Protein chains: 2
Amino acid sequence: MKISTKGRYGLMLLVDLAIHGGESPISLKSIAERQGLSDHYLEQLIAPLRNAGFVRSVRGAYGGYVLARPATDVGVRDVILTLEGPLDIVDEDFDDGLSPLWDRLREAVDSVLQSVSLQDLVEMRQAGQGPYMFYI
Amino acid sequence: MKISTKGRYGLMLLVDLAIHGGESPISLKSIAERQGLSDHYLEQLIAPLRNAGFVRSVRGAYGGYVLARPATDVGVRDVILTLEGPLDIVDEDFDDGLSPLWDRLREAVDSVLQSVSLQDLVEMRQAGQGPYMFYI
DNA sequence: ATAAATTCGACCATCTTACTAGGAAATGAG
DNA sequence: CTCATTTCCTAGTAAGATGGTCGAATTTAT
């Protein structure tokens, strides 16, 4: 019952693009260095994000990636869905007679993810890095 | 991001015990037949449930298992926790700066599971098997 | 041309899942 | 006592997912 590093790296990737990105594209290498990740692995994660239209790519020297839409218009649920596949809590094709329970769980998760945008994550990260950080 | 068959079989097991169980113990074999599962596999699932005190076992001929507590006193969250381990949405030992998001997700899942008892599952199953079943 | 990038396809080690197999130990019925 | 029944315990295992690595082809700014 987990969200794997696929989804997490993917979100970190987009957050980094939102923070450091502007007009000109940003290379995966620079993102990987900033976030301490493997740039070769990030390639595999950004491919579906590109296909799904979250980012645009610019090939060649000084190329890289740019957010295709403003961070406020990118839903975390859609990103997770793209990288992790359908967020079924249980395997659908096996009936245990408890589907109302699994439905309620899925709705609960869905509702949280639905309510958060990429911009929210940006602010979340910046709050975490700020000089006045407290754990309440 | 799933609850595996471990947790689901475990819940089916306890629901079956709650429905068909009374004074005398019920054998895993009979449960396995009713639910269409492998009795040998169920053994492995009921072991932790026994250790956690959800069921009592009676060895020997005409032995089996009995619910240790009334179904209303058994929380679904505790059962899942016993069978699936901590229901962390993400791996804790890797900081992506997004912990508030993961915390909210865990709380949402926790709150749903917390609110459901084994007795609720019994009624859920019986409603699903009744003659007047509608999908709203 | 050359260096910096993306893109593409193959490969691999480790872990989890969902089992199966076999037997030892306990216990009630006859 | 003995035997069938049932729990209890330890291994093993096939398939899939996870989390990568590696090498090479392609594109493009300078």
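Convention: sequence-line order gives letters A, B, ...; per-chain numbering from 1. Nothing here was measured: the structure is a model prediction, and the numbers come from that model. Side-chain atoms are counted along with the backbone in the values below, which use heavy atoms only and exclude waters and symmetry mates.
- Scanning for side chain to side chain donor-acceptor pair (under 3.5 Å) contacts around A/Ser115 gives B/Arg104, with sequence neighbours left out.
- Regarding B/Ile3, its CD1 atom lies at a distance of 18 Å from the P atom of C/dT16, rounded to whole Å.
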Would you tabulate the side-chain donor-acceptor contacts of residues 21-33 of chain A under 3.5 Å, counting partners in other chains and residues two or more places apart, or write 'none'?
unit_1, atom_1, unit_2, atom_2, d
A/Ser27, OG, A/Ser30, N, 3.2
A/Ser27, OG, A/Ser30, OG, 3.4
A/Ser30, OG, A/Ser27, O, 2.8

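- Checking the phosphate oxygens (OP1, OP2) of C/dT17, no side-chain nitrogen or oxygen of B/Tyr41 falls inside 4.0 Å.
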Pairs under 3.5 angstrom only: tabulate donor-acceptor contacts from the side chains of residues 9-20 of chain A to other protein residues two or more places apart or in another chain.
unit_1, atom_1, unit_2, atom_2, d
A/Asp16, OD1, A/Arg34, NE, 3.2
A/Asp16, OD1, A/Arg34, NH2, 2.8
A/Asp16, OD2, A/Arg34, NE, 2.8
A/Asp16, OD2, A/Gln35, NE2, 2.6
A/His20, ND1, A/Asp16, O, 3.4
A/His20, ND1, A/Arg34, NE, 3.3

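- Contacts with DNA chain D (heavy atom under 4.0 Å) in residues 46-65 of chain B: B/Arg50, B/Ser57, B/Val58, B/Arg59, B/Gly60, B/Ala61, B/Tyr62, B/Gly63, B/Gly64, B/Tyr65, listed by number.
- The list of ring-ring contact (aromatic ring centres under 6.0 Å, His included) pairs with a residue in residues 51-83 of chain A, not counting sequence neighbours, is empty.
- Counting heavy atoms from C-beta outward, A/Leu83 and A/Val79 have side chains that approach closer than 4.5 Å.
- A donor-acceptor contact under 3.5 Å is formed by the side chain of A/Gln44 with the base of D/dT21.
- By the side chain to side chain donor-acceptor pair (under 3.5 Å) test, B/Asp96 is found to be paired with A/Arg8, B/Trp102, residues two or more places apart in sequence or in another chain being considered.
- By the side chain to side chain donor-acceptor pair (under 3.5 Å) test, B/Asp73 pairs with no residue at all, sequence neighbours left out.
- A donor-acceptor pair under 3.5 Å links the side-chain atoms of B/Asp95 to the main chain of B/Gly97, judged by distance alone.
- Between A/Lys6 and the phosphate of D/dT18, there is a side-chain N or O to OP1/OP2 separation shorter than 4.0 Å.
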Polar pairs (N or O, both sides) under 3.5 Å between protein and nucleotides 1-3 of chain D?
none

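- Counting only heavy atoms from C-beta on, A/Glu43 has its side chain closest to C/dT7 among C/dC19, D/dC8, C/dT7.
- Side chain B/His40 to base C/dG22: a donor-acceptor pair is found below 3.5 Å.
- Within residues 12-39 of chain A, the residues having any heavy atom under 4.0 Å from DNA chain D are, by residue number, A/Ser38.
- B/Thr72 is linked by a side chain to side chain contact (heavy atoms under 4.5 Å, CB included) to B/Pro70, B/Gln119, counting only residues two or more places apart in sequence or in another chain.
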For residues 43-52 of chain A, which side-chain donor-acceptor pairs fall under 3.5 Å, sequence neighbours excluded?
unit_1, atom_1, unit_2, atom_2, d
A/Glu43, OE2, A/His40, ND1, 3.4
A/Asn51, ND2, A/Ala47, O, 3.4

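- Not counting sequence neighbours, A/Asp39 has no partner by the side chain to side chain donor-acceptor pair (under 3.5 Å) test.
- For the OP1/OP2 pair of D/dG19 and a distance below 4.0 Å, the side-chain nitrogens and oxygens of A/Ser4 include at least one atom meeting the criterion.
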